[in-house]
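Scroll down for the structure; my scribbles are underneath it.
Both backbone and side-chain heavy atoms feed into the values below; hydrogens, waters and symmetry mates do not. Counting convention: from 1, in listed order, for ligands and their atoms alike.
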Amino acid sequence: MPPQNSAHGPPFRVAMAGVVGRLIRCWCRRAVGGSLKVPALQLHVSKTAMGASQKDFENAMNQVKLLKEDPGNEVKLKLYALYKQATEGPCNTPKPGVFDLINKAKWEAWNALGSLPKETARQNYVDLVSGLSSSSDSSSQGKPEAERKQAGYETVVMTSEEGITKIMLNRPAKKNALTEQMYQEIILALEAASKDDSAITVLTGNGDYYSSGNDLTNFTNIPPEGVEAKAKNSAILLRNFVGSFIDFPKPLVAVVNGPAVGISVTVLGLFDLVYATDRATFHTPFSHLGQTPEGCSSYTFPKIMGPAKAAEMLIFGKKLTAGEACAQGLVTEVFPDSSFQKEVWTRLKAYSKLPQNAMRISKQIIRSQEKEKLHAINAKESSILQERWLSSECMNAIMNFFSQKAKL
Ligand SMILES: CCCC/C=C/CC(=O)SCCNC(=O)CCNC(=O)[C@H](O)C(C)(C)COP(=O)(O)OP(=O)(O)OC[C@H]1O[C@@H](n2cnc3c(N)ncnc32)[C@H](O)[C@@H]1OP(=O)(O)O
């Protein structure tokens with residue numbers, strides 16, 4: 001008998017029978033479909049392959065997603081083969097049948113690598129992606145500098161001006177819901193911002209929302225390996241995403257231009273300043289979604305606002321106004337919507353002229369006191385969510401959203 005939260009247990013059967021059967025059939029088609037996918041989309045990473053080159057490997061996997069041009073099937077096959085070799089070693093599966101053309105091509109590409117060591121395959125993957133990225137970037141090099149918009153991002157807009165790097169979530173039609181690509185682009189953007197010459201980094205949203213949190217369609221893109229693998233990969237992505245906020249070395253400011261939901265609220269506890277328009281609201285409907293807190297909020301929220309107020313938000317899903325969030329210490333200051341942008345940017349431009357190194361070192365002294373603890377909490381929250389995502393409570397809540405477009 002499979003466990004209650006198994007992909008093949010009751011929740012899955014309920015979903016199959018439910019009004020969203022069409023959606024599930026679509027998942028299944030994707031799962032057995034013959035399309036040739038670039039392996040970066042499968043974020044499962046060998047746990048044994050740790051160290052600096054593993055980080056390069058993960059970055060390369062993220063870079064593949066951001067390629068502007070399709071590299072073509074030959075290169076995709078090469079990437080696939082190197083990825084498999086780097087993570088699993090020499091080809092270990094039976095050769096697909098003669099009519100299974102795509103899987104046969106993939107198998108042959110992997111098999112052709114023979115006994116190439118995992119480390120070499122990982123290095124070759126990184127080198128291949130680096131070559132692809134630089135040739136795809138070269139097409140944007142002739143852009144006027146005045147644009148100051150940094151190339152390579154599709155779901156966020158990254159700009160640098162007057163000592164401030166701004167990362168703007170850019171899916172206004174979907175309320176800036178965070179897709180997997182968006183999480184990855186934010187990780188990359190934060191990494192780039194941490195190394196650029198700006199004094200301050202800002203995260204904000206385009207349109208009327210700051211962000212509606214995790215894009216619930218993320219849960220519908222099930223890989224051939226199944227829902228357990230999906231949950232595992234999502235937990236890795238979540239952990240990396242939150243980790244890049246924990247480790248961010250410079251002053252980090254949230255310019256909350258409208259309502260914020262879910263993970264876009266929880267990570268606010270890791271920012272140095274949170275400025276909000278009076279139109280903003282702060283909502284963490286985790287229990288409604290059968291989920292549990294992330295973004296280190298199980299630790300930062302009780303610390304910031306006290307355990308009772310934290311419980312109201314994180315357990316009972318109480319939505320706070322900007323004024324309430326400010327009174328509870330989650331928001332630094334609230335501005336009238338009519339003058340929000342002007343007032344906030346004037347303030348930030350003044351701050352950006354303060355001595356950079358002093359600001360950076362001050363931040364690091366503050367963060368260093370609990371960095372390890374935050375990473376441990378992030379790991380724990382991510383692993384608990386990995387289980388939660390497989391629960392019937394969570395699956396049913398997501399089904400509801402898609403079947404009724406239920407508003408929380
Ligand atoms: C891998 C890491 C995982 C980390 C996990 C994090 C947990 C969380 O973040 S939990 C929070 C998840 N978010 C939600 O539950 C919000 C769901 N959305 C809503 O409740 C509503 O859309 C809204 C209250 C945010 C806005 O309602 P409103 O009536 O103003 O606008 P809509 O017509 O509903 O939205 C416009 C458009 O955008 C789509 N959309 C909005 N938010 C999401 C979302 N989170 N996921 C997917 N899609 C979203 C909405 O479906 C509409 O799409 P269509 O125009 O195609 O209908």
| request: Tell me, please: is Trp389 in heavy-atom contact with ligand 1, that is, under 4.0 Å? | output: yes
| query | Can you list the atoms of ligand 1 that are under 4.0 Å from a heavy atom of Leu289? | reply | 10 (S), 11 (C), 12 (C), 15 (O)
| said: I'd like to know if Asn218 contacts ligand 1, where contact means a heavy-atom distance under 4.0 Å to any ligand atom. | reply: no
| said: List ligand 1 atoms under 4.0 Å from Tyr209, heavy atoms only on the residue side. | reply: 23 (C), 24 (C), 25 (C), 26 (C)
| said: Can you give me the closest heavy-atom contact between Lys319 and Thr281, atom names plus distance? | reply: CD-CB, 3.9 Å
| At under 4.0 Å between heavy atoms, which part of Thr284 makes contact with ligand 1: side chain, backbone, both or neither? | neither
| query | Taking atom 4 (C) of ligand 1 as the point of reference, which of Phe286, Phe219, Phe241, Tyr183 owns the nearest heavy atom? | reply | Tyr183
| task | Would you give the length of the straight line joining atom NZ of Lys309 to atom CG of Leu314, rounded to the nearest 0.5 angstrom? | result | 13.0 Å
| message | Need the ligand 1 atom indices (1-based, order shown) with element for anything under 4.0 Å from a heavy-atom of Gly213. | response | 9 (O)
| request: Step through the shown structure and confirm whether more than 12 heavy atoms of other residues, nucleotides or ligands are within 6.0 Å of CZ on Arg279. | output: yes
| field | Whether Phe245 and Phe271 hold their rings parallel, tilted or perpendicular, with breakpoints at 30° and 60° | value | tilted
| Straight-line distance of Glu161 CD to Ser198 OG, nearest 0.5 Å | 12.0 Å
| note | Here the atoms of ligand 1 under 4.0 Å from any heavy atom belonging to Leu216 are 15 (O), 44 (C), 46 (N), 47 (C)
| remark: So the atoms of ligand 1 within less than 4.0 Å of a heavy atom of Lys175 turn out to be 30 (O), 31 (O), 35 (O), 36 (C), 41 (C)
| message | Applying a heavy-atom cut-off of 4.0 Å, say which part of Ala173 lies close to ligand 1: side chain, backbone, both or neither. | response | backbone
| query | Would you call Lys303-Glu370 a salt bridge at under 4.0 Å N-O? | reply | yes
| said: Tell me whether the rings of Tyr183 and Phe241 are parallel (<30°), tilted (30 to 60°) or perpendicular (>60°). | reply: perpendicular
| field | Atom pair CD1/CG of Ile186 and Leu169 - distance to nearest 0.5 Å | value | 5.0 Å
| request: Could you tell me whether some N/O pair between Ile263 and ligand 1 is separated by less than 3.5 angstrom? | output: yes
| message | Is it the case that over 12 heavy atoms from other parts of the model lie below 6.0 angstrom from the NZ atom of Lys78? | response | no
| message | Show the atoms of ligand 1 that are less than 4.0 angstrom away from any heavy atom in Gln291. | response | 7 (C)
| query | Short N/O distance, under 3.5 Å, between Ser212 and ligand 1? | reply | yes
| remark: Near Ala177 (heavy-atom distance under 4.0 Å), the atoms of ligand 1 are 43 (C), 44 (C), 45 (N), 46 (N)
